[in-house]
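Chain letters run A, B, ... following the sequence lines, proteins first, then strands; residues in each count from 1.
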Amino acid sequence: MGNKQTIFTDEQLDAYQDCTFFTRKEILRLHGRYYEMAPNVVPMDYTRDPDVKLPMQLIINMPELKENPFRERIVESFSEDGEGSLSFNDFVDMFSVLSEMAPRELKAIYAFKIYDLEKTLNKLTREELTAEEITLVCEKVIEEADMDGDGKLGFADFENMISKAPDFLSTFHIRI
Amino acid sequence: DGSDVDNEESSAAENDDNVKGTDKGGKKTTPRTRRGRGRGRGRHGGEEDEEDEDGTRRAGHRRNRNRRGRGRAAENEGNDSDGGAEKDRKNQTNQKSKEDDGDEEDEKGGRSGKGKNEKKQDKKPDKKGKKEKANKKKKDKKKSASGSDSDSEEEPITEEELAKLKEEVEEKKKLIATLRNKPWKMKKKLSVLKEAQLFVEKFEGALGKGKGKKFYAYKVMMTKKWMKFQRDFENFKTACIPWEMKIKEIESHFGSSVASYFIFLRWMYGINMILFGLTFGLVMVPEALMGKPYGSLPRKTVPRAEEATAMNFATLWDFSGFAQYSVLFYGYYNNQRTIGWLKFRMPLSYFLVGVGTIGYSFMIVIRTMAKNANDDGGGDDTSFNFSWKMFTSWDYLIGNPETADNKFASITTSFKEAIVEEQESRKEENIHLTRFLRVLANFLALCTLAGSGYLIFFVVRRSQKFALEGLENYGWWERNEVNMVMSLLGMFCPTLFDVISSLENYHPRIALRWQLGRIFALFLGNLYTFIIALMDEINLKARYLLPFTIFNMYLEEKIVKYNMTIWEASLYNGTIPENSTAPPIEVDPADVPRGPCWETMVGQEFVRLTVSDTMTTYITILIGDFLRAVFVRFFNYCWCWDLEYGFPSYSEFDISGNVLGLIFNQGMIWMGSFYAPCLPAINVFRLHTSMYLQCWAVMCCNVPQERVFKASRSNNFYMAMLLFILFLSTLPAVYTIVSIPPSFDCGPFSGKTRMFEVISETLEHDFPSWFGKVFGYASNPGLILPFILLMVLSIYYLNATSKSYKEANLELKKKLQSVRNR
């Protein structure tokens, strides 16, 4: 509005506002966060759309993600090459989906990508459950949520189950 | 596996984001399913998909339509001898990435060369393909699409094509609006956005041909300006949101449930700011600036008798003295119809602001409830117990290692508990004992409620007795007894309920419901007992029972007026002047005898209650949380048992207690703000300081909670309670507006028989006469009753249609599932 910033062109900012749930101020702030992770690599001037990616190691050490047991999976799901390195676009996308304003359906899609059965359980309980208990829990989960009876959890089953969960929106949320 | 699906559905683009493409242990989607989906899409290809946000389904539809569209295009192209068709074919095979190559390129929306060109190609002919099903004039349309410059047109564009083109443009606009909901990678979203924007820009110009061109262009420009304004406003609004970082810190330390209280507090703060703006700007400021100054009228002056103590801190703290005779309370306002050079209608403004605050509050609470209603999942389901534990128990907001450790521990415990419960699920429990205990618990809770109600009644009565005998004879406790008792009850009874509920052995979620319900009943009972006792006090002043109050107020009015004439006469040395030729004697307004002013008294009571409630809360925090934490930390070294793990240990943040306190505080504000316009201001100040104090207290003295179970479902429950409290709070004010005559000697409505007469007065004086007639007809009961009936019927109708939509939704979901299963 009043302050001239030279990181993005106005069109770029408008485009970001159309494609994410963030406002202008939040996008600029996100760029600040992205920049401070690697000031030598990330340019201050994004007007020419530089092709810069930060490796996963840097991203998962952000304070917001540091304690999250799923941080690697999260970053992998949003990275374009599947290896976990995020460009600024992916970075913004990730926080947009995890923000408060994202709708349930969108979050469910990405949650499906992030979670699976055994590994999720192990991450959640820090491997303190015995093998029997893990088997039991996985069986119970499939029993509860598998609607089409194929013995596996497809996206439809997952979405059906998660849409009824009262806590999903408030827990699958990162504030940045 | 992405390529497999590729071959199936001839798409290059969507699969990196395609949800069926993900392959994880235990969650593989079988080829069977995928094929099923493809077939399903084929069948449903002709229909509009219901869920826009699933980009995959949409893409599937588009691809199918595209296939059909392409088929038709091939047909039509055979008949087409136009340059347009050739251009079309050329474009389909051309993968140039330049955008400004001319109209044909623009028609395809340009390709930004960032990859995934085919999908763009898919979109364009697809869009046209959809229309082509019904459109025989495809040739012309192609031409209009390919040659957008109106000058180079050979044939005029007909209405039909114009309409179709408009439809397309609308679709593109819709796509732009919902783009952020699509699960695509950002690069793709950006390129789709650019393409769609170019298309819209190009054709909005083209559409403005023929009649109404200027108007259409104007409309387009206004829409753009409006959208830009909306966006700027959104940006401005988010810049204004306070305390974002504070809340984030609390979230990372305590998780989302504790933070939800602070978010609620912030929301309340916003509401109170608006209420404050209304009362301050439209009631207090005009009276202060344009009304008669202090000391000019009897009602605006401190009586001679009280003058000596009027400036003392104790009097001001009690909101008497100078505080009472100021814009802060109802009694100060004069009943002049217009004040100042602006001819500001003070009584009308007072009335409308009073009604407006209530209306605004209703509107915003219901709007928030409606928003939350979407998030509320199914009922109190235990059918997804393990699944929810697995997928929704980790709170992503946690950023603090200690809290994370705590969370891991509690999740593990919860799993172990659930496993044990599952393994012993066949075990019989002693139903009779449980039932007996529950009945006993309810009985005890009822006793507590009754006891608290009686205590309040007793205390209010005692305070009346004190007042009659003169408050100077009693100490601080007697003077503030009512407020202190109410606050203390509010503090200790919930703990008592907590103890009682341990008898009941319910599931935590259900136990919380009972707890909240009981606390709610407690606060409600207390508040209403207080009001009833207060009303009794008003009547006690008149010394008659409630039915005779009105009559008695007239009597009192006559008595006071008579006293005043006698007093005036005493100024004229004993003679009551027959006519008014004698000049009026200048009397200091402080000496004039005053009539009773129950509205100010009620306002004062509410203000005192709010202030004492605030004080109690702060002191409880300081003593209950801070001193306790200090004690536990420093005395742990020299104590026999471990203070930190055993009793008393650090306190946990009591979410439900605090939220309920906030709700009831707001109820008091709503109830009292009609009689004391200063209440919203006081509340804004209180909420502001509360935020800082409680944030500090939480970070400094509290520990994260041990129970995994979160009360997040209760979000809408709190809103429902707020709505209920709002409704109950406005009842007394509405009752007094409609039934009780205002005091004759104070306030903006003095001299009228009922407060709402200010409306009819305004209609008479300020509006043309026909308006008054129309209003008179409209307020005829014969018209109002059918109108109410109509509204009730429409509510019923809307309810029925919403039910049928829900059922239709379920049907479609089932269909979708059964289709997927094949």
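Ring geometry for B:Trp388 against B:Phe384 counts as tilted: the plane angle lies between 30° and 60°, on a 0 to 90° scale.
Considering only heavy-atom pairs separated by less than 4.5 Å from chain B, the leading option among A:Thr125, A:Val137, A:Asp18, A:Ile74 is A:Asp18. Contact count versus chain A (heavy atoms, under 4.5 Å) is highest, among B:Lys228, B:Arg231, B:Lys389, B:Lys189, for B:Arg231. Of the listed residues A:Gln12, A:Gln17, A:Lys25, A:Glu128, the one with more heavy-atom pairs under 4.5 angstrom with chain B than any other is A:Gln17.
Residue contact with chain B, scored on non-hydrogen atoms closer than 4.5 Å, involves the backbone of A:Ser77 exclusively. With a 4.5 Å cut-off on non-hydrogen atoms, A:Leu98 touches chain B through its side chain but not through its backbone. Proximity to chain A is limited to the side chain of B:Leu193, based on heavy atoms less than 4.5 angstrom apart. When heavy atoms are compared at a cutoff of 4.5 Å, B:Phe408 approaches chain A by way of both its backbone and its side chain. The contact between A:Leu136 and chain B is made entirely by side chain atoms (from C-beta outward), counting heavy-atom distances below 4.5 Å. Residue contact with chain B, scored on non-hydrogen atoms closer than 4.5 Å, involves the backbone and the side chain of A:Thr20 alike. Within the 4.5 angstrom heavy-atom criterion, no atom of A:Thr130 approaches chain B. Residue contact with chain B, scored on non-hydrogen atoms closer than 4.5 Å, involves the side chain of A:Phe70 exclusively. Contact of A:Glu26 with chain B is made through the side chain alone, with heavy-atom distances under 4.5 Å. Within the 4.5 angstrom heavy-atom criterion, no atom of A:Asp146 approaches chain B. Both the backbone and the side chain of B:Ser387 come within less than 4.5 Å of a heavy atom in chain A. Within the 4.5 angstrom heavy-atom criterion, no atom of A:Ala102 approaches chain B.
Checked for salt-bridge contact, A:Arg33 and A:Glu64 meet the test: a charged N lies under 4.0 Å from a carboxylate O. Salt-bridge formation is detected for the pair A:Arg73/A:Glu76: a Lys NZ or Arg NE/NH1/NH2 atom is positioned less than 4.0 Å from an Asp or Glu carboxylate oxygen. B:Lys188 and A:Asp93 are not joined by a salt bridge, as no carboxylate oxygen comes within less than 4.0 angstrom of a charged side-chain nitrogen. Salt bridge present: B:Lys172 and B:Glu195 bring a charged side-chain N and a carboxylate O closer than 4.0 Å. Looking at B:Glu244 and B:Arg266, a side-chain N of the basic residue comes within less than 4.0 Å of a carboxylate O on the acidic one, giving a salt bridge. In this structure, A:Arg24 pairs ionically with A:Asp10, as a charged nitrogen and a carboxylate oxygen lie closer than 4.0 Å.
Taking the six-membered ring for Trp and the full ring otherwise, A:Phe78 and A:Tyr110 have centroids separated by under 6.0 Å.
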A:Asn89 and A:Ser87: CA distance, side-chain angles, deciding distance, side chain to side chain donor-acceptor pair (under 3.5 Å) verdict: CA-CA 5 Å; A:Asn89 281 340; A:Ser87 68; 4.8 Å; no
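With sequence neighbours left out, B:Ser260 forms a side chain to side chain contact (heavy atoms under 4.5 Å, CB included) with no residue at all.
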